[in-house]
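Below: the structure, in structure tokens.
Just so we're on the same page: letters track the sequence lines, and every chain starts at 1.
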Amino acid sequence: MAERGESSEAVMLKKTEEEKLRKGKMIVGDESKAGYEEEGKKVKLVTSDGVTMEVEISIVKEMEIIQTFIGATDTDDSFIFPISNVSSHILNQIIELVKGEYDQELAKKLSHDELKEILVAANYLNMKTLFHFIATAIANVIQNKSVEFVRDFFGIVNDFTEEEEAELRKTNAWAFEGVDED
Amino acid sequence: MGTEMEFQGLPEGCIAVILSRTTPVDACRLSVVSKLFHSAADSDAVWECFLPSDYHSIISECSLPNYPSKKALYLALADHPVIFDEGKKSLQLEKKSGKKCYMIAARALSIVWGDTEQYWNWTTDPDSRFPEVAELIDVCWLDIRGVFSTLTLSPDTLYAAYFVFKMINPIGFKNRRVEVSVDFNGDDGSIKHVCLDGSSSGRRVAGLQRPSLRSDGWLEIEMGEFFNGGLEDKVQMSVKEVKAGNWKSGLFVEGIEVRPKLSLVSSTFQSAAESDAVWHKFLPSDFHTLLSQSPSSSFPSKKHLYIHLCHNPLLIDHGKKSFQLDKVYGKKCYMLSARTLFIVWGDTPRYWGWTSLPDARFSEVAELVSVCWLEIRGWINTGMLSPKTLYGAYLVFKPSPAGIFGFDYQSVEVSVGIAGGEASKRTVFLDAERGRRLRYQIVPRRAGIFNRARFLTSVETPPAQHNSNINNNNNSSNNNNSVDLQYPKERGDGWMEVELGDFFNDGEDDKEVEMGVCEIKSGDWKGGLFLQGIEIRPKTVPSIS
């Protein structure tokens, strides 16, 4: 896994160096914190498209799946965690959202596909705050929208029979007034 | 890697989390998406979020039975009011949003003379949700008050209070002003005047709000509103007629209802309210109300909202009025659409038509086909306007393709006046061509243009005589400003406007301003214009040239 990402890693590392430099000025002491919890420290993650990215520990801490892994194994700095369900594009988006302190304004700039992929990633990485944030963003998109819009949004195939659907629409008739146009 | 495959694999719990962040009406509708959505949308996890946070205490206070699911409990609370507090209050959830609505029964209100049999009687009514309603036998001093703690209401919600009543052979209410008020948080509160007798008609009180019929057979009238931020507070509401002091009877009081005003942009404000303290100050204090009336888009910040409101009129009152902010001072501007105006012959298609135009902000504009009797009136309450401000009223119109006729030598009388005061009157011309000719001394239009106006106007008064007429009416010299005021000007939106007059809103109490446009003296035929409405906006300088 690690070998696959070597080439792009160089670029990432360059960025990281610059950030370290900026961070270095800000950090005053706090040496009591041992190991990977150290402020400004990076953890290497390799994404589904084979990119190795160094991600700040503060962000990785929100990824409970990796925390479990760190807890379970004796790791050092060189360890690279594979996150095979998340692309580098989506991981970058996630980093932006976490750094932006989960501002719903940022979510408005995301495409429907990005919203869905971030939801899947948040679920997989077990990032609770991100998951609730993105669930709210998706809820904002599907509010007051038609059933057809939501099927299309999630790529869901209707598994009701015609009779079942008609019956459900009848019982919930009050909920079908004044729906937005798709 | 197929995202959709992964997405389909999302557990029901994830879908439930998303649905719990929508609204009850969304969850019900989206249960039709698929079997997985159906199961998620009916789950207790979702409906627990839609129930009021204190639903456990509601269950015990209202002695509710056990419902098989949280959704069933929600629907039970939404479909019918539950009565509690020994028949003195009711609670219901607004079905689409799940927000709480309360009604305080007449028995829980304080009614002056309410315990004196010769004035008030306590009776039952088959239409009432409560065991008792109050029947007004006869009083001069009508004074009903209610107090409600906002802590039990849904937070971050704009609420309004409604007086719920009936009239059976009413005496003493016809065309009478009754004062209603909502006082929140010890603020001065809003006081407004309404007419409780919906049957009465007539232009004298045309601007007074009248009751509307509820689905439960009672009448209601809005008393005022308040934004419940979720802190503990008391809201005081009152219905009073103690000034005229005439005898009144035939009123049946069910109670006062406190329910959310449906807001399509409420979620915007929940987030905006956190950070935009500065821009908040620039917005009118009742901007929540104004926005709640309009299905507007959402704004990322109050600054955006402010700027948006400066440049884009917001349609309110079911699209019959528009609201806008003055760019410089943030003061409130309104336009009353032609539909809200009183237009003599307005419903007779021979004289006035109704149509829609792409450059109008309202869905309908009035088309003056042809009339002899031109009379247009509009009313606005000063309580809606920014205080301590000089306002001008402007008729917004433009010639129809048929061509304006009958107005070139015929002035119209325009007036603006605060009720109880004297109306200022002046004379204006609606034909812009005429104004241009007069100002720049251009000779009349080319003879080749067949002018219907001149064809139809039987008597043409020489222009010179009209000039003296203008001067008499305005008590002003023939300077450029007065001439400018008398002729229509082009607006930025492709329409024309002419000033009807101005008034100073001291902001002290709610008064009614009447604005009028009249030409009934000559009795000649005139027409050929579209009327969009009357705009009321602050005047920064006495005359804009």
Side-chain angles (χ1 to χ4, degrees), chain A residues 48-49 84-87 90 103-105 108 113-117 119-124 128 131-160 164-180, chain B residues 1-11 13-42 45-46 49 71 75 78-79 94-97 262 264-268 270-272 274-275 295 297-301 304:
Chain A
S48 63
D49 48 342
S84 51
N85 277 3
V86 185
S87 70
I90 290 302
D103 182 353
Q104 282 292 346
E105 285 309 308
K108 284 183 189 165
D113 280 337
E114 285 169 337
L115 283 173
K116 286 186 287 179
E117 287 181 47
L119 184 83
V120 173
N123 186 48
Y124 162 75
K128 288 206 170 68
F131 182 80
H132 286 282
F133 166 80
I134 214 76
T136 305
I138 293 176
N140 288 341
V141 174
I142 65 171
Q143 263 192 49
N144 219 31
K145 292 290 196 300
S146 71
V147 169
E148 292 71 23
F149 176 94
V150 175
R151 276 182 195 146
D152 189 53
F153 179 92
F154 288 110
I156 283 175
V157 181
N158 177 18
D159 52 359
F160 285 117
E164 283 171 334
E165 183 172 337
E167 182 62 32
L168 263 176
R169 280 182 188 263
K170 212 172 115 191
T171 26
N172 293 294
W174 67 279
F176 286 87
E177 299 158 6
V179 174
D180 289 352
Chain B
M1 182 168 298
T3 328
E4 283 182 7
M5 282 298 288
E6 288 170 31
F7 208 83
Q8 290 235 335
L10 265 188
C14 290
I15 293 163
V17 169
I18 295 170
L19 290 175
S20 72
R21 273 136 213 272
T22 63
T23 67
V25 65
D26 289 306
C28 275
R29 184 176 56 255
L30 299 181
S31 65
V32 182
V33 166
S34 71
K35 285 180 177 164
L36 186 67
F37 263 69
H38 185 221
S39 170
D42 278 3
V46 169
C49 297
K71 184 182 178 182
L75 291 175
D79 287 338
E94 197 280 311
K95 197 170 183 179
K96 290 189 173 180
S97 66
L262 284 186
L264 294 166
V265 287
S266 64
S267 56
T268 311
Q270 282 171 17
S271 57
E274 287 163 20
S275 60
S297 51
S298 56
F299 303 97
S301 73
H304 285 91

Max heavy-atom pair count under 4.5 Å with chain B, selected residue of A/Glu177, A/Glu165, A/His132, A/Glu148 = A/His132
Winner by heavy-atom pair count (cut-off under 4.5 Å) against chain B, out of A/Ser146, A/Ala139, A/Ala173 | A/Ala139
Quick one: does B/Asp26's side chain get under 4.5 Å of A/Ile142's, heavy atoms only?
-> no
On a heavy-atom basis, the closest approach of B/Lys35 and A/Glu164 is CE-OE1, 3.9 Å
Can you tell if the side chain of B/Arg29 reaches within under 4.5 Å of the side chain of A/Asn172, non-hydrogen atoms only?
-> no
Option in B/Val32, B/Val17, B/Leu19, B/Leu30 with maximal non-hydrogen atom pairs under 4.5 Å from chain A | B/Val32
Would you indicate whether the side-chain heavy atoms of A/Leu119 and B/Ile18 approach each other to under 4.5 Å?
-> yes
Heavy-atom distance under 4.5 Å between the side chains of B/Val33 and A/Phe154, does that happen here?
-> no
Among A/Phe160, A/Trp174, A/Tyr124, residue most engaged with chain B (heavy-atom pairs, under 4.5 Å) = A/Trp174
Heavy-atom contact with chain B under 4.5 Å, split by part of A/Asn123 | side chain
